[in-house]
Amino acid sequence: GGVLKLLWDFVSRKVPSTPDTVRSALLLLSMVASAEVDIVKSNLDVIVDCALDEEAEKDLLLVRYACLALQQLVPVSKTKGTYAKPFRLSETHRVFERLKAIVLTTMGQLDLPDWLAMAEQAVNTVYALAEHPDQICGDILKVLFEKLLGLIATPALNKTGDDVSLGAPLAESSQKDASSENSSPGGEEQPEKNLTQCSAIFLTRLVSVIGQVALKQLVYLECAVLSELKRRRQLEEGAREKEQSVNKTPGGSKKADKEASMEDEMGLAGATADDAEAEVIRRICDSHLVIGDTAMLARLQAIVVYICTNPSQFPDARLRTAAALSLAKLMLVSADFCEAHVQLLFTILEKSVEPTIRANTVIAVGDLMFRFPNLTEPWTPNLYARLRDGSAHVRKHTIMVLTHLILNDMVKVKGQISELAMCLEDSDQHISDLARLFFLELSHKGNAIYNILPDVISRLSDPDIGVAEQQFRQIMR
């Protein structure tokens, strides 16, 4: 108790402390709170007053640590198959007012190196704790886009009114036609054509926030909202079962009781409801978040796509890195958006000059292959091709992603497996070790190794592949 009190005294500056001491104290408290959440819950005002005040706008690392501490308030279910009651704060709570103010106030201060890390955690905190996070992040995106329009001297953002929701409400979206078309921000306005007039740092920050909001909106819908729907249904079913057991009479219908019992045993009622709810969420993600005419993200994705499509106009490597990452996050949200831009993403993977962009894109492709396997399956050879990349960093990421996909049966072991076999003789020791580990794990999956041997021998024996005899012998060992 005494140690925790001292740490909170450091945070509240009741005892003399340096900025490093305050940050360290807050980071330690967030670690402790992962085991005892009341440590943060009972000191929420201290965090807001001392780590999210106006002075904190000069220390964005402190704001980031404050966000990490606040995220410990998210309850975690301790029993498999059950869902914890969510802890949510009103969207007008001081926490979100301060986070929004800090993000918007410091957006234009281009000399702050920790802005991106802070903004990412601020968005994460809003989605973890706010009752209506899409409204808060919609407001942030609207203001940021208006700042952008001011910088490039184009007309105002919103011709259609003040609705800045990231997507249509659940009830409305489930009734709307799912055939929305892509649209640029503001209808006929296409401010992305003038983006080169903007600071690269400002654009980097903007596209990073767009991508992070899109990703967290997806997680919010598919995890938080869906889990809450299931939790409420479990409570309703529990109350109904209790009522039925109380009201059950000996003269009741045996046939009806038997049918209800069979449905319960087979889980048909719950499974049907799960499927219906998941379908509503999927439709919202596919058609009402990053594509359509009204959602804010649908207006902003054109900026990200334009930067990725025209890399020669944007020489700043950090901007192109952020744009490629944001494009991948937007593609994770919607199958329709993914299908429309999958070729662009693989073009980035193959033609980007910076190894960092190619390595990041490899990881993003792995995530997309998990989420949309049917859409990305035709592009599998392009992923295997990165095993021959000139950068060891890219090759390492590629073999790790392919190992994960193959061992989880998301990618079939077929023709290109010889590319992985050649990695056994890679000049980088770490990569050759990863290849050995892959084949060791694959050998535990039945006869998988024996099934691929004919194909590997055939491919490596091909003169066009150019594998030397000594190298071939080493690989086949």
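Values in this document were obtained by computation on a predicted structure and should not be read as measured data. Both backbone and side-chain heavy atoms feed into the values below; hydrogens, waters and symmetry mates do not.
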Quiz item: Can you check side chain to side chain contact (heavy atoms under 4.5 Å, CB included) on Cys285 and Leu218, steps first, answer last?
Solution: CA-CA 7 Å; Cys285 292; Leu218 170 66; 3.7 Å; yes
Quiz item: Could you walk me through whether Val365 and Trp379 pass the side chain to side chain contact (heavy atoms under 4.5 Å, CB included) check?
Solution: CA-CA 10 Å; Val365 166; Trp379 297 89; over 6 Å; no
Practice problem: Could you walk me through whether Val209 and Trp115 pass the side chain to side chain contact (heavy atoms under 4.5 Å, CB included) test, one step at a time? | Solution: CA-CA 11 Å; Val209 172; Trp115 194 93; 3.6 Å; yes
Practice problem: Determine, step by step, whether Phe337 and Leu289 satisfy the side chain to side chain contact (heavy atoms under 4.5 Å, CB included) criterion, reporting the C-alpha distance in whole Å, the side-chain angles of both residues, the deciding distance to 0.1 Å, and the verdict. | Solution: CA-CA 10 Å; Phe337 186 85; Leu289 288 184; over 6 Å; no
Quiz item: Yes or no on side-chain hydrogen bond (donor to acceptor under 3.5 Å, both in side chains) for Gln71 and Thr125, after CA distance, side-chain angles and deciding distance?
Solution: CA-CA 6 Å; Gln71 289 168 36; Thr125 303; 3.1 Å; yes
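The number of heavy-atom neighbours closer than 6.0 Å to CD of Gln343, taken from other residues, nucleotides and ligands shown, is 12 or below. Atom CZ of Arg371 has more than 12 heavy atoms from other residues, nucleotides or ligands within 6.0 Å. Within 6.0 Å of atom CE in Met400, 12 or fewer heavy atoms from other residues, nucleotides or ligands are found, so the atom counts as exposed in its surroundings. Other residues, nucleotides and ligands place more than 12 heavy atoms under 6.0 Å from the CD atom of Glu36.
Using a cutoff of 4.0 Å between basic side-chain nitrogens and carboxylate oxygens, Glu279 and Arg282 are scored as salt-bridged. Using a cut-off of 4.0 Å between Lys/Arg side-chain N and Asp/Glu carboxylate O, Asp139 and Lys100 are scored as salt-bridged. A salt bridge is defined here as a Lys NZ or Arg NE, NH1 or NH2 lying under 4.0 Å from an Asp or Glu carboxylate O, and Lys216 with Glu120 fails to meet this definition.
For the pair Ala335 and Asp286, the tightest heavy-atom approach, listed with the atom from each and the gap, is N-OD1, 2.9 Å. When all heavy atoms are compared, the tightest approach of Ala322 to Thr204 is CB-CG2, 3.8 Å. Heavy atoms only, all atoms of each residue included: Arg88 and Val126 are closest at NH1-O, 4.4 Å. Heavy atoms only, all atoms of each residue included: Ala359 and His393 are closest at CB-CD2, 3.6 Å. Taking every heavy atom of both residues into account, Leu402 and Leu383 meet most closely at CD2-CD2, 3.7 Å. Among all heavy-atom pairs drawn from Ile291 and Ser334, the shortest one is CD1-OG, 4.3 Å.
Looking only at side-chain heavy atoms (C-beta outward), Arg358 and Ser352 come within less than 4.5 Å of each other. Contact check for Ile303 versus Leu148: side-chain heavy atoms found under the 4.5 Å cut-off. By the 4.5 Å heavy-atom criterion applied to side chains, Arg64 and Asp114 are not counted as neighbours. At least one side-chain heavy atom of Asp45 sits under 4.5 Å from a side-chain heavy atom of Arg94. With a 4.5 Å cut-off on side-chain heavy atoms, Leu215 and Val333 do not count as touching. Inter-residue side-chain proximity for Cys137 and Tyr127 is flagged as met; some heavy-atom pair is nearer than 4.5 Å. Within the 4.5 Å cutoff, no side-chain heavy atoms of Met369 are placed close to those of Met410.
Partner of Met118 under the side chain to side chain contact (heavy atoms under 4.5 Å, CB included) criterion, out of Asp59, Ile102, Leu112, Val123: Ile102 alone. Paired with Cys67 under the rule side chain to side chain contact (heavy atoms under 4.5 Å, CB included), one option of Leu99, Asn124, Ile47, Val95 passes, and it is Leu99. None of Leu345, Leu375, Val342 except one satisfies the side chain to side chain contact (heavy atoms under 4.5 Å, CB included) rule with Leu368; the exception is Leu345.
Side-chain atoms of Asp316 come within 3.5 Å of backbone atoms of Leu319 as a donor-acceptor pair (strictly under, hydrogens ignored).
Here the CD1-CG distance, from Ile39 to Leu4, works out to 5.0 Å after rounding to the nearest 0.5 Å. Rounded to the nearest 0.5 angstrom, Leu89 CG and Leu129 CG are separated by 5.5 Å. In this structure, CD in Gln212 is found 8.5 Å from CG in Leu325, a value given to the nearest 0.5 Å. Note that CD1 of Ile284 and CD of Glu222 are 10.5 Å apart. Values are rounded to the nearest 0.5 Å. Leu60 CG to Tyr65 OH: the interatomic distance, rounded to the nearest 0.5 Å, is 12.5 Å. Note that CG of Leu297 and CD of Gln217 are 7.0 Å apart. Values are rounded to the nearest 0.5 Å.
Classified by interplanar angle (parallel below 30°, tilted 30° to 60°, perpendicular above 60°), the ring pair Tyr306/Phe314 is perpendicular.
Looking at residues two or more places apart in sequence or on another chain, you find no ring pair (Phe, Tyr, Trp, His ring centres under 6.0 Å) involving Phe87. Considering only residues two or more places apart in sequence or on other chains, Lys41 meets the salt bridge (Lys or Arg N to Asp or Glu O under 4.0 Å) condition with none of them.
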